There are 2 protein chains.
Amino acid sequence: MATLRDIAHAVGVSVTTVSNVVNGRPNASPELRARVLAAAEELGYRPNRAARAMRTGRTSTLGLVLPDLTNPFFPELAQAVENTARSAGLLVCLIDSQSRPEGEADGFALLMQHRVDGVIWCPLGATTPPTLKDFDKPIVLIDRPRAGYDVVQSDYAMGGRLLAAHALATGHTRIGLLSGPHGVESARQRRDGFVGAHPDSLEIAWEINVDFDGTLPPEAVTALTRRRSATLVVCGNDLIAISAIRCLAERGLRVPHDVSVTGFDNIRWTDLVTPRLTTIAQPIGAIGAKAVEVMLERMSGTAHVSRRTIFDVALVTRDSVRPPRRG
Amino acid sequence: MATLRDIAHAVGVSVTTVSNVVNGRPNASPELRARVLAAAEELGYRPNRAARAMRTGRTSTLGLVLPDLTNPFFPELAQAVENTARSAGLLVCLIDSQSRPEGEADGFALLMQHRVDGVIWCPLGATTPPTLKDFDKPIVLIDRPRAGYDVVQSDYAMGGRLLAAHALATGHTRIGLLSGPHGVESARQRRDGFVGAHPDSLEIAWEINVDFDGTLPPEAVTALTRRRSATLVVCGNDLIAISAIRCLAERGLRVPHDVSVTGFDNIRWTDLVTPRLTTIAQPIGAIGAKAVEVMLERMSGTAHVSRRTIFDVALVTRDSVRPPRRG
DNA sequence: TATGCCAAGTGAAACGTTACACTACAGAGC
DNA sequence: GCTCTGTAGTGTAACGTTTCACTTGGCATA
């Protein structure tokens, strides 16, 4: 693989000058510049980022630490992060902790050894990996705020309120809640946004906490199938909603004919399942892109206080909600 | 950030010795070894991989180049690759080309600059990015074989045969084919496996090539809704199958009552959509892990001829196929 | 006693790049 | 003719690691 020195030798000029030329710095006549670039092209020169990193202390590399790529929120996020980062010349190094704290810790340790310039992190829970203690590069959080960190997330409470308004508008007043897991901030915000919006008009018939991956515990199944207990089931995310719909269908209850259901996230599949799901869309791609932007600002040293970016969400009405039958 | 020299200075010993100790090489008395390790711990030493890379020429880094993370095949693959690589001490650098050849080319260029030790690549199509010309590190292909490369994939032809057998067993003989994209090897293998299995018993009523992301062109919609043209629609993957089911439902045709449908891949959602999809399961996680293993063998220099690893697949029968109605 | 060998450790060079201080020369201004 | 300034370019020292050839002393063997 050709180095600066090879080019310098070929053109008969100093290494410094070649470095200047290939990095677009001044101090070279146009004619010489052309010769150097020609030689670089000829020899197939690719700058060695590792060497550059050692000299400059910056690797042009970003860590992306996620809990679980098989949750469909994250691939879309990862795609946006990777593409935005790449167009800024940064390579994204992926860590998927498989929802295991040790995975998170190992991943951070590896990223630190590689001296990534920053980490975009969707934390697993409230704990901080011990390996992270003396990490002195910027960190941007996704979705889960913490004191002292930049964070980028959606306005989940707003999503809850939009759903509440939609429930009222379509005539539902007895609500079942399949909320996300207890203790997860984003689940809490969704739930509280809904419940707090119209406390006098909406009656919460029952509420059950469910994992975001959509597996329904027996009590959820019982609640779902108790006829008349609720006319609308508001779910913590789309996976839960899809599971609920299937659970209902298996027991002879049709959505939205017998019961209405809403999701949250607007993952791709909401548009492909039957019935198509009414849900809350959050701009996942924009969140990923923004996280990278915030990171770039941090990296460029324009340091402010930690900043919180919150994106609006939107109601997407499809086929899984219709006015309740009289009875 | 502490360096080998800092430790050497603290312990009063040479840099070489510290390097030997932290890398577990011999040539140090147990007692000295202990002192060095204590100092390393004390100072929070993390080896600088960039510096090591420059000296050794190896970065302990792997590229993973994918067409589209929002296709649910890939997150599962990426997760397996990342976890297997990490447990071998390798960091995975992600490129998502968003199905654009330029993205693939840019990604490879970036990976080359970073001198990754190898690339695991699921090629977009038949073309090779120009930037890849003088890449001299090992490449392991996923899913799409090419002459001269290692490849890890499923036995797609076997999947096709299993589907054909299932079609016969459930009494279907007039088949519609929504095959994957033209020119994509894995799509061709699935299709050929099916078509070649029982050429005398199964009649291909129509065949249309469709993108793997499941968007249906108008002619596909026409074919699907032409009543009686086929009793079973065999789709190139699950996304196509799910789209087909919804397309049918929107036009008043119910699956499996009016038409049966099969998918391919057994992505997670096949179990959540209505009806649950009969499909072919491939061991995605095992494929990802194996790809890393093959890569490690290549990297360790035990070079053989290019090798092809093929995993068995299995039929998963669910609700989207039932015997055809008489008529 | 001389010889060789081993364990324990050292010093310096190199990997490819960038940053810094420097030189050489041409032209402008007085 | 002299200094001043700017342009075009050079040489060298790092960055943190590994590798290689080397030293030193002790101990076993002939």
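Predicted model, so just to flag it, every value in this text is computed and none were measured. Chain letters run A, B, ... following the sequence lines, proteins first, then strands; residues in each count from 1.
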Do the side-chain N and O atoms of A:Ser19 and A:Thr16 include a donor-acceptor pair separated by under 3.5 angstrom?
no
Whole-Å distance between D:dG11 P and A:Arg5 CZ?
13 Å
Rounded to whole Å, the NE2-C1' distance (B:His114 to C:dG16) equals 15 Å
Residues B:Asp155 and B:Gln189: side-chain donor-acceptor under 3.5 angstrom
no
Is there a side-chain contact between B:Ser14 and the phosphate of C:dT10, meaning an N or O under 4.0 Å from OP1 or OP2?
yes
In terms of side-chain heavy atoms, does B:Ser97 have a donor or acceptor partner in B:Glu104 at a distance below 3.5 Å?
no
Counting heavy atoms not belonging to B:Glu102, are there more than 12 under 6.0 Å from its CD?
yes
Rounded to the nearest angstrom, tell me the gap between atom CD1 in A:Ile7 and atom C1' in C:dG16.
11 Å
Counting only non-hydrogen atoms, which of residues 22-37 of chain B are less than 4.0 Å from DNA chain D?
B:Asn23, B:Arg25
Would you say the side-chain atoms of A:Gln113 and B:Arg46 include a donor-acceptor pair closer than 3.5 Å?
no
Salt bridge present between B:Glu31 and B:Arg35 (N-O < 4.0 angstrom):
yes
Report yes if the side chains of B:Leu64 and B:Ile95 come closer than 4.5 Å at any heavy-atom pair, otherwise no.
no
Given atom CE of B:Met1 and atom P of D:dG16, what is their separation to the nearest angstrom?
11 Å
For atom NE2 of B:His9 and atom C1' of D:dG16, their distance in whole Å:
16 Å
Strictly below 4.0 Å, heavy-atom distances to any atom of DNA chain D: list the hits from residues 40-58 of chain B, or just say none.
B:Tyr45, B:Pro47, B:Asn48, B:Ala51, B:Arg52, B:Met54, B:Arg55, B:Thr56
Is the shortest side-chain N/O distance from A:Ser19 to OP1 or OP2 of C:dT18 below 4.0 Å?
yes
Do A:Thr16 side-chain and D:dG11 base share a donor-acceptor contact under 3.5 Å?
yes
Using a strict cut-off of less than 4.0 Å between a Lys/Arg side-chain nitrogen and an Asp/Glu carboxylate oxygen, indicate whether B:Arg86 and B:Glu82 qualify as a salt bridge.
yes
Result for side-chain contact (heavy atoms from CB on, under 4.5 Å) between B:Gln153 and one of B:Lys290, B:Glu185, B:Arg144, B:Arg308 points to B:Arg308
